[in-house]
Amino acid sequence: KIQEELNKQLFDNLISFLRQSHSEFQTKKTEWMCRMKSSEIPTAALVLGVNVTDHAMTFKSLSEVLQDNVTPYVVSLQAKECPGIKHLLQKLMGQLMDCSVDVDSSEEDECVNISQKKIHCSMASLSKWYESVTKKTGSETPGKKRTSSSRHWQSPPIVVIFKDMESFTTKVLQDFIVISSQHIHEFPLVLIFGIATSPMIIHRLLPHSVSSLLCIELFQSLSCKEHLATVIDKLLLTTEFPFKLSEKVLQVLINIFLYHDFSVQNFIKGFQLSIVEHFYSQPLSVLCCELLEAKKRVYSLSHNQCENIRSLPSFRRYVESQVSEKQIALLTEDSFLKEVTQTLLEDLHIYHENYFPVLRCLHVFTTSLPKYPLGKQIRELHCACLGKRVWETDEYGSAVQLLRMLAKAELVAILQKCVEIFTSSSGKQFSNTVEKLGEFLTRFQNLEEASEAQDMSVSSQKELQKKMDLYHLQKTLLELKESKRSKKLTKFEMLRFEVVDFIDSLVRSYLAPAEMQTLNEVVYFHTANTLLEHLNAAPRIALHTALNNPYCYLKNQTLKSDVGCISNTAPDICIVYKLHLECGRLINLVDWLEAFSTVVTAVEGTDPDSVATDQVDEIIHARFIRAVSELELLGFIKPSKQKTDHVARLTWGGC
């Protein structure tokens, strides 16, 4: 839903571009042909940014919007599917005609199979197909299929989307553009280039003779940082969703976004993974729901769940702060505990209702300051408030000092924004706050009127000072110097101090860290290490664990073994891996095979009389070769040029 809202303006602009490009074709084809004598193809250069993993959803939404409102003929192409112009034309016609395309590079004919008929893949065939389809649509009666396609334009354009333009080879793009320009007067065609880097890539990939065949218009999507800011604002900084992320978990997700991929989709996946981990690992996550639903569930808590509540660190702190009689009741009576739990959940909900408006108000103040002492983005301020008492930090102290020097115009504008924030908030305790801020605004307005009269008197004094001689001027300057030393605050400065002190009192009252709130473990996910294990891949550690201790992944009781011992039932590759850890830089294959054979025969308890010895040796030899080949494939060993019957070990050190 957020993605659709953010892309709405971009998609509307693209639809307007399509409408403008093909207005003549829809009305007067003669004008279209005159206009297209230059063989220019309307082209939209869509710059989406380097967050390539988010592009798939954007193009999917774009295709759906175009198919719903503009044209049913939308084709999406990827570079890996189009290594040559033949494959591109086959994909193009295959998607347009809604049929499967079998690409055979050995065939000279470029064809697609439609209803057991072969159609030659060329622009001429595409032109004939488009003419027949549009005629068929135009000849339909209004009572039939015409109603289903009424939302589409008359003579709808064929839109070809190149999802990853930078990955297409220059020759494929050149050939397609040159061929298409020769047929542009026969059917309406629009190209959309998906660009991750810069629009200049068009001119780097295409020579001037080809790029001059395109009528290019640039479209810029929202930056991934703006997208992320909106996602955080709608998902995390709201009371609509009870589930919350702790400071460390949120910082992990933001760091992965900023320093790895700039992918909003991956941020959302991390958020979803946090939800799954929270509901899987926290027994009391059943209470992490809407407040009214939580009240119903409190009274259905079992005795074990009540014990889980008593074991929470935040609840233990709460119990220690109560009188002895109440402590005993909380620790022994489940019914009393449920009543208190309901009250504490309501308090937690009220805490969030008050927290977010004050956070936004503080963000408005701090972003008006130079160098952004508490961060430019609201997510940075949110992390600072979640982790500790923000008013005790040096950054907050410097921000308050800078706020005491704000100009009147800036201060009034900030106060007006804060009034809007508190007025639109769901918190019930902010009516007095809104009144107080309105009072400040009124006093600033009165000061402005008084300052105008004061300016007139100061100007008359300046005129008098101009007529002074040198002696009187020196005397006046000395008096001014003395008065500055013992200068009293002006009315504006005093009022500015009052405003800053009032905002500071709101921060101290409502922006207490979430970890200080009782029962915060119910709604906050805290285990950042678990999230890191899932999101930050460590392939070597995973391989070492799997080969050294296969029970960790297979959960088979027969694979359990002591540290340093080789399990009697371990897979062959695990046995070979453990044996290779005991070797040096070069490993003798004969010795390795003998050690492997000793372990395997001990495992299987082979009876020499039951099976021929040569047959057993052949089977063990084959298993050994396969296990060694798998180790080589994984990159643990490589053949050695020093000795033909040795292999070199490639990995060292523990994991």
Side-chain angles (χ1 to χ4, degrees), residues 225 229 232-233 237 247 351-425 427 429-452 454-455 484-514 516:
K225 288 186 178 180
I232 290 177
D233 186 64
L237 306 182
E247 182 257 342
Y351 162 77
H352 287 126
E353 284 185 340
N354 298 333
Y355 175 90
F356 295 121
V358 176
L359 179 74
R360 288 189 170 88
C361 180
L362 179 61
H363 180 249
V364 171
F365 271 92
T366 55
T367 50
S368 64
L369 302 176
K371 297 184 179 179
Y372 309 110
L374 287 172
K376 185 177 181 181
Q377 301 291 338
I378 193 170
R379 62 172 183 263
E380 298 170 320
L381 181 60
H382 179 50
C383 286
C385 295
L386 282 178
K388 50 194 169 184
R389 294 181 177 90
V390 69
W391 57 86
E392 294 179 355
T393 61
D394 296 336
E395 293 82 3
Y396 181 81
S398 61
V400 170
Q401 289 180 357
L402 291 172
L403 287 175
R404 297 183 191 279
M405 295 185 286
L406 279 178
K408 182 168 63 177
E410 292 179 347
L411 201 54
V412 169
I414 292 171
L415 287 176
Q416 289 173 345
K417 291 180 182 178
C418 288
V419 169
E420 294 175 2
I421 291 171
F422 287 121
T423 304
S424 60
S425 69
Q429 303 181 12
F430 291 127
S431 56
N432 295 334
T433 304
V434 173
E435 291 179 6
K436 188 70 175 176
L437 293 176
E439 179 187 337
F440 286 138
L441 288 172
T442 305
R443 290 170 66 183
F444 273 119
Q445 188 176 0
N446 295 336
L447 278 177
E448 188 175 351
E449 296 173 356
S451 63
E452 292 178 358
Q454 187 176 359
D455 290 341
K484 281 185 178 178
R485 290 179 181 175
S486 59
K487 181 184 177 183
K488 294 183 179 180
L489 294 175
T490 63
K491 290 183 178 180
F492 166 69
E493 291 172 338
M494 292 172 64
L495 182 54
R496 182 171 58 188
F497 271 60
E498 282 187 47
V499 171
V500 175
D501 290 341
F502 179 71
I503 298 300
D504 181 55
S505 67
L506 291 178
V507 170
R508 293 173 185 269
S509 301
Y510 298 115
L511 293 189
M516 294 174 59

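Keep in mind it's a predicted model, so treat the numbers as computed, not measured.
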**Study point:** Beyond-backbone contact of Leu362 with Leu359, side-chain heavy atoms, under 4.5 angstrom
**Key:** no

Practice item. Output the distance between atom CZ (Arg379) and atom CG (Leu381), rounded to the nearest 0.5 Å. Key: 12.0 Å

Exercise for review: Return the minimal non-hydrogen interatomic distance between Ala514 and Leu386, and the atom names on each side.
Suggested key: CB-CD2, 3.8 Å

Point to revise | Residues forming a side-chain contact (heavy atoms from CB on, under 4.5 Å) with Gln416, sequence neighbours excluded | key: Val412, Leu441

Study note, to complete from the structure: Contacts satisfying side chain to side chain donor-acceptor pair (under 3.5 Å) that involve residues 392-406 (not counting sequence neighbours) are Tyr396-Asp504, Arg404-Asp501

Review point. From Leu511 CG over to Cys385 SG, what is the distance, rounded to the nearest 0.5 angstrom?
Key: 4.5 Å

**Study point:** Residues in side chain to side chain donor-acceptor pair (under 3.5 Å) contact with Arg389, at least two apart in sequence or another chain
**Key:** none

Check your understanding: Can you tell me how far the OH atom of Tyr372 sits from the OG1 atom of Thr367, to the nearest 0.5 Å?
Key -> 7.0 Å

Practice item. Considering non-hydrogen atoms only, spot the tightest contact between Cys383 and Glu247 and give its length. Key: O-CG, 3.1 Å

Exercise for review: Determine, step by step, whether Arg360 and Asp233 satisfy the side chain to side chain contact (heavy atoms under 4.5 Å, CB included) criterion, reporting the C-alpha distance in whole Å, the side-chain angles of both residues, the deciding distance to 0.1 Å, and the verdict.
Suggested key: CA-CA 10 Å; Arg360 288 189 170 88; Asp233 186 64; 2.6 Å; yes

Check your understanding: Would you call Gln377 and Lys225 a side-chain contact if the rule is heavy atoms closer than 4.5 Å?
Key -> no

**Study point:** Reported CG-to-NE2 distance for the pair Leu237 and His352, which is rounded to 0.5 angstrom
**Key:** 10.5 Å

Study note, to complete from the structure: On a heavy-atom basis, the closest approach of Phe444 and Val499 is CE1-CG2, 3.9 Å

Review point. If every non-hydrogen atom of Phe365 is compared with every non-hydrogen atom of Leu411, which pair is closest and at what distance?
Key: CE2-CD1, 4.0 Å

Review point. Passes side chain to side chain contact (heavy atoms under 4.5 Å, CB included), Leu369 versus Leu406? Steps please.
Key: CA-CA 8 Å; Leu369 302 176; Leu406 279 178; 4.2 Å; yes

Check your understanding: Do the non-hydrogen side-chain atoms of Leu374 and Val390 ever get within less than 4.5 Å of each other?
Key -> yes

Exercise for review: Examine distances only and state if a side-chain atom of His363 and a backbone atom of Val358 form a donor-acceptor pair shorter than 3.5 Å.
Suggested key: no

Exercise for review: Evaluate the ring planes of Phe430 and Phe422, with Trp represented by its six-membered ring, and classify them as parallel (under 30°), tilted (30 to 60°) or perpendicular (over 60°).
Suggested key: tilted

Review point. How would you list, by chain and number, every residue that makes a salt bridge (Lys or Arg N to Asp or Glu O under 4.0 Å) with Glu410, sequence neighbours excluded?
Key: none

Review point. Under 4.5 Å between any side-chain heavy atoms of Tyr510 and Pro357, yes or no?
Key: no

Review point. Does any non-hydrogen side-chain atom of Glu493 lie less than 4.5 Å from one of Arg496?
Key: yes

**Study point:** Listed partners of Tyr355 passing ring-ring contact (aromatic ring centres under 6.0 Å, His included), at least two apart
**Key:** Tyr351, His382

Exercise for review: Enter the distance from Trp391:CH2 to Ser505:OG here, rounded to the nearest 0.5 Å.
Suggested key: 11.5 Å

**Study point:** Test ring-ring contact (aromatic ring centres under 6.0 Å, His included) applied to Phe502 - qualifying residues, sequence neighbours left out
**Key:** Phe440

Review point. For the atom pair CG (Leu506) and SG (Cys418), what is the distance rounded to the nearest 0.5 Å?
Key: 9.0 Å

